[in-house]
Amino acid sequence: MSSQLEEFKNAVYYWVAQIPKGKVTSYGYIARLAGYPRHARHVSKALGSADKSLNLPWQRVIGSTGKIAFSPDSNGYAKQVALLKKEGVTIINGKVNLKQFAWQFVEKDKSTSKAFNPESFFK
DNA sequence: AACTTGACTTCAA
DNA sequence: ATTGAAGCCAAGT
């Protein structure tokens, strides 16, 4: 059996992997999709401990206000900005214009929502 | 057991 | 638009 922590991580990784190239979303949003509301801070922790072989687009996860979560002088900050710019996302003063780049997982199309089922993605 | 620490969020000045 | 306090919660000291 897998620990609850693994469940959480897998769910987070799954949803982060769904973010389309050139779009961004927030830690809190991922937490909700994963089924763990109020765990935004743990999403960042999970990403930090994610295996690099998963090739997760971690750079597409930012703060709820569109701000890069890393400290501006940090190493990760520069890396994240570079990666985002590379895929067409514009960053102004450390922030992304959410009106333009925010990703929302919309389930209005119920017929395809089945394709996005974390349960079947792992294992 | 008590306190600190985050790649967070929300709300009120 | 900015800032700061408070709320959040699992992990680490």
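Below, chains carry the letters A, B, ... as their sequence lines are ordered, and counting in each starts from 1.
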>> Using a 4.0 Å cut-off to any heavy atom of chain A, which nucleotides of DNA chain C are the first and last in contact, reading 5' to 3'?
In response: C/dG7 to C/dA11
> Is there side-chain contact between A/V43 and A/F8, with heavy atoms separated by less than 4.5 Å?
Replying inline: yes
> With sequence neighbours excluded, what pairs up with A/Y77 under the ring pair (Phe, Tyr, Trp, His ring centres under 6.0 Å) test?
Replying inline: none
> Does any N or O in the side chain of A/Y29 come within less than 3.5 Å of the main-chain N or O of A/F105, such that one atom is a donor and the other an acceptor?
Replying inline: yes
> Which atoms form the tightest heavy-atom contact between A/V61 and A/Q80, and what is the distance?
Replying inline: O-NE2, 3.2 Å
>> Does anything in residues 41-53 of chain A come within less than 4.0 Å of DNA chain B? Heavy atoms only, and list the residues if so.
In response: A/R41, A/H42, A/S44
>> Identify the stems formed by DNA chain B, where each pair is Watson-Crick or G-U wobble with both distances under 3.5 angstrom and a stem is at least 3 consecutive pairs.
In response: B:2-6 with C:9-13, B:8-13 with C:2-7
>> When you measure from the side chain of A/Y14 to the backbone of A/A34, do you find a donor-acceptor pair of N or O atoms at a distance under 3.5 Å?
In response: no
>> Rounded at 0.5 Å granularity, tell me how far NZ in A/K9 sits from NZ in A/K45.
In response: 9.5 Å
>> Can you tell me if A/K23 has over 12 outside heavy atoms packed within less than 6.0 Å of its NZ?
In response: yes
>> Donor-acceptor check, side chain of A/W58 to backbone of A/L47, threshold 3.5 angstrom: yes or no?
In response: no
> Which one of A/N97, A/L84, A/V24 satisfies the side-chain contact (heavy atoms from CB on, under 4.5 Å) criterion with A/I91?
Replying inline: A/L84
>> Could you tell me if the side chain of A/E87 sits less than 4.5 Å from the side chain of A/F101, heavy atoms only?
In response: no
> Between NZ of A/K21 and CZ of A/R60, what distance do you get to the nearest 0.5 Å?
Replying inline: 7.5 Å
>> Can you tell me if A/D51 has over 12 outside heavy atoms packed within less than 6.0 Å of its CG?
In response: yes
> Rounded to the nearest 0.5 Å, how far apart are NE2 of A/H42 and CD1 of A/I30?
Replying inline: 15.5 Å
> Which atom names give the shortest non-hydrogen contact between A/L56 and A/A17, and what distance separates them?
Replying inline: CD2-CB, 4.2 Å
> What are the residues of residues 69-99 of chain A, sorted by number, that bring a heavy atom to within less than 4.0 Å of DNA chain B?
Replying inline: A/A69, A/F70
> Taking any atom under 4.0 angstrom from a heavy atom of chain A, which nucleotides of DNA chain B are the first and last to qualify, 5' to 3'?
Replying inline: B/dG6 to B/dT10
> Rounded to the nearest 0.5 Å, what separation is found between the CD atom of A/Q59 and the NZ atom of A/K85?
Replying inline: 14.5 Å
